[in-house]
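To start, the structure under review is shown below, and the notes come after it.
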Amino acid sequence: IIFDRNGNQLAVSTTMLSLYAHPSKISSKKKVASLIAKILNSRRQSFYKLRRKIYKKLNRKSPFVWIARQQNPKKIRRIEKFKIRGLGTIPEPKRFYPCISLAAQCIGFCNIDGLGLDGIELKYNRYLKGKSVRLVVARDAKGNPIITRIKEAFASSVTHNIYLTLDETIRHIVEEE
């Protein structure tokens, strides 16, 4: 977490869920694409456009494809309830900036994988991100992953906080004048 000098959060990570697929294991790709699109659809994107995008991903020859990254866990849990063979989820951190306008150029930003690309996020990326966690997953006879301790693996990654000399209150007063 990145804080200002008074302890106000300027950049914070939260756990979101990402949905992936093993396309060869999914039998009814059109139905699955429709179901996922119906649940994930937002007003920004039409249902049909999203369904077509998901369907294209499910028809790839690749053994692994991302369907939707860093999504609202409630929506992903709704998809998980259908227990569709070939679909899975992975928890991933997502970066949020509660005071987006405060020293945005100084704080910088991260990409979807949490890699700092600019500013403090880039300079101190190895401290903010923590150590990478390698997860070895056992599989059942059908090739489905048997994941029992994925949350502990991600929780054990040690990260550090950074406190800046920036002051949100002073910045706000200066911007108002």
Side-chain angles (χ1 to χ4, degrees), residues 1 11-98 100 104 107-119 121-122 125-126 128-159:
I1 301 174
V12 62
S13 293
T14 187
T15 302
M16 304 297 271
L17 288 178
S18 293
L19 182 67
Y20 67 87
H22 297 288
S24 63
K25 295 181 180 182
I26 298 173
S27 56
S28 182
K29 292 177 173 54
K30 280 190 178 182
K31 284 184 181 179
V32 171
S34 291
L35 173 75
I36 294 170
K38 187 183 241 182
I39 294 171
L40 293 182
N41 188 30
S42 66
R43 293 186 179 153
R44 291 180 290 164
Q45 196 171 23
S46 77
F47 166 78
Y48 299 105
K49 195 175 186 180
L50 181 59
R51 181 179 66 180
R52 187 171 40 251
K53 182 179 169 185
I54 293 168
Y55 183 69
K56 282 182 180 179
K57 289 181 180 184
L58 294 177
N59 278 310
R60 289 186 187 159
K61 300 296 181 203
S62 175
F64 176 94
V65 293
W66 286 113
I67 301 298
R69 304 253 337 245
Q70 299 177 343
Q71 298 291 308
N72 180 328
K74 288 180 183 178
K75 288 184 176 185
I76 299 298
R77 297 280 181 233
R78 285 179 52 202
I79 295 168
E80 282 182 319
K81 287 181 183 178
F82 289 96
K83 297 183 180 180
I84 299 167
R85 187 172 180 264
L87 289 183
T89 61
I90 296 175
E92 290 189 295
K94 183 174 182 177
R95 205 74 165 147
F96 288 98
Y97 302 92
I100 193 132
I107 294 168
F109 59 94
C110 292
N111 68 9
I112 195 164
D113 293 315
L115 181 66
L117 297 177
D118 199 14
E121 294 279 14
L122 173 62
N125 185 65
R126 66 182 172 146
L128 292 167
K129 189 171 181 176
K131 292 182 180 178
S132 297
V133 177
R134 185 172 181 188
L135 184 63
V136 179
V137 179
R139 298 190 179 271
D140 65 14
K142 292 184 177 182
N144 298 316
I146 302 170
I147 301 173
T148 56
R149 296 188 158 185
I150 195 163
K151 287 184 181 174
E152 289 95 12
F154 283 99
S156 68
S157 179
V158 177
T159 61

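All residue numbers in this chain count up from 1 along the given sequence.
The distance from atom CD1 of Ile90 to atom CG of Leu19, rounded to the nearest 0.5 Å, is 10.0 Å. Atom CD of Glu121 sits about 10.0 Å away from atom CG of Leu115, to the nearest 0.5 Å. The NZ atom of Lys81 sits 9.5 Å away from atom CD1 of Ile39, with the distance rounded to the nearest 0.5 Å. The OH atom of Tyr55 lies 13.5 Å from the CZ atom of Arg60; values are rounded to the nearest 0.5 Å.
The two residues Asn41 and Lys75 have their closest heavy-atom pair at O-NZ, 3.9 Å. What you find for Pro93 and Ser13 is that their closest heavy atoms are CB-CB, 4.4 Å. Here the shortest heavy-atom pairing between Thr15 and Pro91 reads CG2-CB, 3.7 Å. The two residues Tyr97 and Phe109 have their closest heavy-atom pair at OH-CA, 3.2 Å. For the residue pair Leu58 and Ala21, the shortest heavy atom distance occurs at CD2-CB, 3.8 Å. Between Lys57 and Ile67, the shortest heavy-atom contact is NZ-O, 3.3 Å.
Residues that satisfy the side chain to side chain contact (heavy atoms under 4.5 Å, CB included) test with Gln70, not counting sequence neighbours, are Met16, Ser18, Glu92, Lys94, Ile112. Asn111 pairs by the side-chain hydrogen bond (donor to acceptor under 3.5 Å, both in side chains) definition with nothing, not counting sequence neighbours.
At distances below 3.5 Å, not a single donor-acceptor pair connects side-chain atoms of Glu80 with backbone N or O atoms of Arg78. Remark: the backbone N or O of Pro63 is paired with a side-chain donor or acceptor of His22 at under 3.5 angstrom.
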Start with the C-alpha gap between Ile79 and Thr89, add the side-chain angles, then the distance that decides, and say whether side chain to side chain contact (heavy atoms under 4.5 Å, CB included) holds. CA-CA 10 Å; Ile79 295 168; Thr89 61; over 6 Å; no
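Summarising the local packing, CZ of Phe64 is surrounded by more than 12 heavy atoms from other residues, nucleotides or ligands at distances under 6.0 Å. Annotation: Phe96, atom CZ; neighbour count of heavy atoms from other residues, nucleotides and ligands within 6.0 Å is above 12.
Side-chain contact between Leu40 and Asn72 is absent, with no heavy-atom pair separated by less than 4.5 Å.
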For a quick test of your reading: what N or O donor-acceptor pairs under 3.5 Å do the side chains of residues 27-38 make, sequence neighbours left out?
from: Lys29; atom 1: NZ; to: Pro23; atom 2: O; distance (Å): 3.0
from: Lys29; atom 1: NZ; to: Ile26; atom 2: O; distance (Å): 3.0
from: Ser34; atom 1: OG; to: Lys30; atom 2: O; distance (Å): 3.1

